[in-house]
Amino acid sequence: MPKNITIFTTNTCAYCVMVKKWLAAKGHQYEEVNLDQNPERQQEAYGLSGALTTPVTVVTKADDSKEVIVGYNLAKLAPAVS
């Protein structure tokens with residue numbers, strides 16, 4: 001099980017809504033960082049993902065390793081949170 005899940009989102013991102021709904025349906029708690037409301041954290045999201053798109057989902061494991069999933073990618077997201 002993941003220790004922590006953080007999703008970087010924007011107000012206009014449809015895939016962000018899909019990732020949040022999927023995580024909620026699976027019973028996962030997550031922290032949402034809306035980059036429109038917190039523009040000072042955009043560099044953090046870019047530094048983690050290397051991408052200028054959202055969503056950026058950061059799954060922190062029990063051993064503090066991080067897995068970064070860009071976009072709505074269930075093939076990567078599902079194993080990352082299991």
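All values below were derived from every heavy atom in this structure, side-chain atoms included, with hydrogens, water molecules and symmetry-related copies excluded.
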J.: So, Asp36 side chain and Asn11 main chain: donor-acceptor pair closer than 3.5 Å or not?
T.: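 Present.
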J.: Do you reckon Val68 sits in the same ILVMFWY cluster as Val33, going by side-chain contacts under 4.5 Å, direct or chained?
T.: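 Yes, Val68 and Val33 fall within the same hydrophobic cluster.
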J.: Checking the side chain of Ser65 only, and the main-chain atoms of Lys61 only, is there a donor and an acceptor separated by less than 3.5 Å?
T.: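 Not a single qualifying donor-acceptor pair exists.
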J.: Does a sphere of radius 6.0 Å around OH in Tyr46 hold more than 12 heavy atoms from other residues, nucleotides or ligands, not counting ones at 6.0 Å or beyond?
T.: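 For Tyr46, atom OH is not crowded (no more than 12 foreign heavy atoms under 6.0 Å).
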J.: Taking it one step at a time, do Leu77 and Thr57 satisfy side-chain contact (heavy atoms from CB on, under 4.5 Å)?
T.: CA-CA 8 Å; Leu77 191 57; Thr57 307; 3.8 Å; yes
J.: Starting at OG1 of Thr6, measure out to CG of Leu48 and round the result to the nearest 0.5 Å.
T.: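 Going from the OG1 atom of Thr6 to the CG atom of Leu48 covers 9.0 Å.
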J.: Donor-acceptor check, side chain of Thr54 to backbone of Val56, threshold 3.5 angstrom: yes or no?
T.: no
J.: Verify side-chain contact (heavy atoms from CB on, under 4.5 Å) between Ile5 and Val58, making sure each step is shown before the conclusion.
T.: CA-CA 6 Å; Ile5 301 172; Val58 181; over 6 Å; no
J.: Hey, what do you get for SG (Cys16) to NZ (Lys21), rounding to the nearest 0.5 Å?
T.: 12.5 Å
J.: Before accepting this row, confirm whether a basic side-chain N of the pair Glu31/Lys3 lies closer than 4.0 Å to the acidic partner's carboxylate O.
T.: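 Answer for the salt bridge query: no.
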J.: Under 3.5 Å, is there a donor-acceptor pair between the side chain of Asn34 and the main chain of Gln37?
T.: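 The answer is yes, because a donor-acceptor pair under 3.5 Å joins these two groups.
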J.: Should Tyr15 and Val59 be regarded as members of a common hydrophobic cluster, given that ILVMFWY residues are connected when their side-chain heavy atoms come within less than 4.5 Å of each other, either directly or indirectly?
T.: yes
J.: Taking CD in Gln29 as the centre, count heavy atoms belonging to other residues, nucleotides or ligands within less than 6.0 Å. Is the count above 12?
T.: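 Incorrect, the count does not exceed 12.
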J.: For Thr9 and Leu35: C-alpha separation, side-chain torsions, deciding distance, then whether side-chain contact (heavy atoms from CB on, under 4.5 Å) applies.
T.: CA-CA 6 Å; Thr9 65; Leu35 296 176; over 6 Å; no
J.: Are Ile7 and Ile69 in one and the same hydrophobic cluster, where Ile, Leu, Val, Met, Phe, Trp and Tyr link if side-chain heavy atoms are under 4.5 Å apart?
T.: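 Same cluster.
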J.: With rounding to the nearest 0.5 Å, note down the distance linking CZ in Phe8 to OG in Ser49.
T.: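 One finds 8.5 Å between CZ of Phe8 and OG of Ser49.
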J.: Is Leu74 reachable from Val19 through a run of hydrophobic residues whose side-chain heavy atoms are each under 4.5 Å from the next?
T.: yes
J.: What closest approach, in Å, do Val81 and Pro2 show between heavy atoms, and which atom pair accounts for it?
T.: O-CD, 3.0 Å
J.: For atom NZ of Lys20, decide whether the heavy atoms of other residues, nucleotides or ligands shown that lie under 6.0 angstrom number more than 12.
T.: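 Atom NZ in Lys20 is crowded, with more than 12 foreign heavy atoms closer than 6.0 Å.
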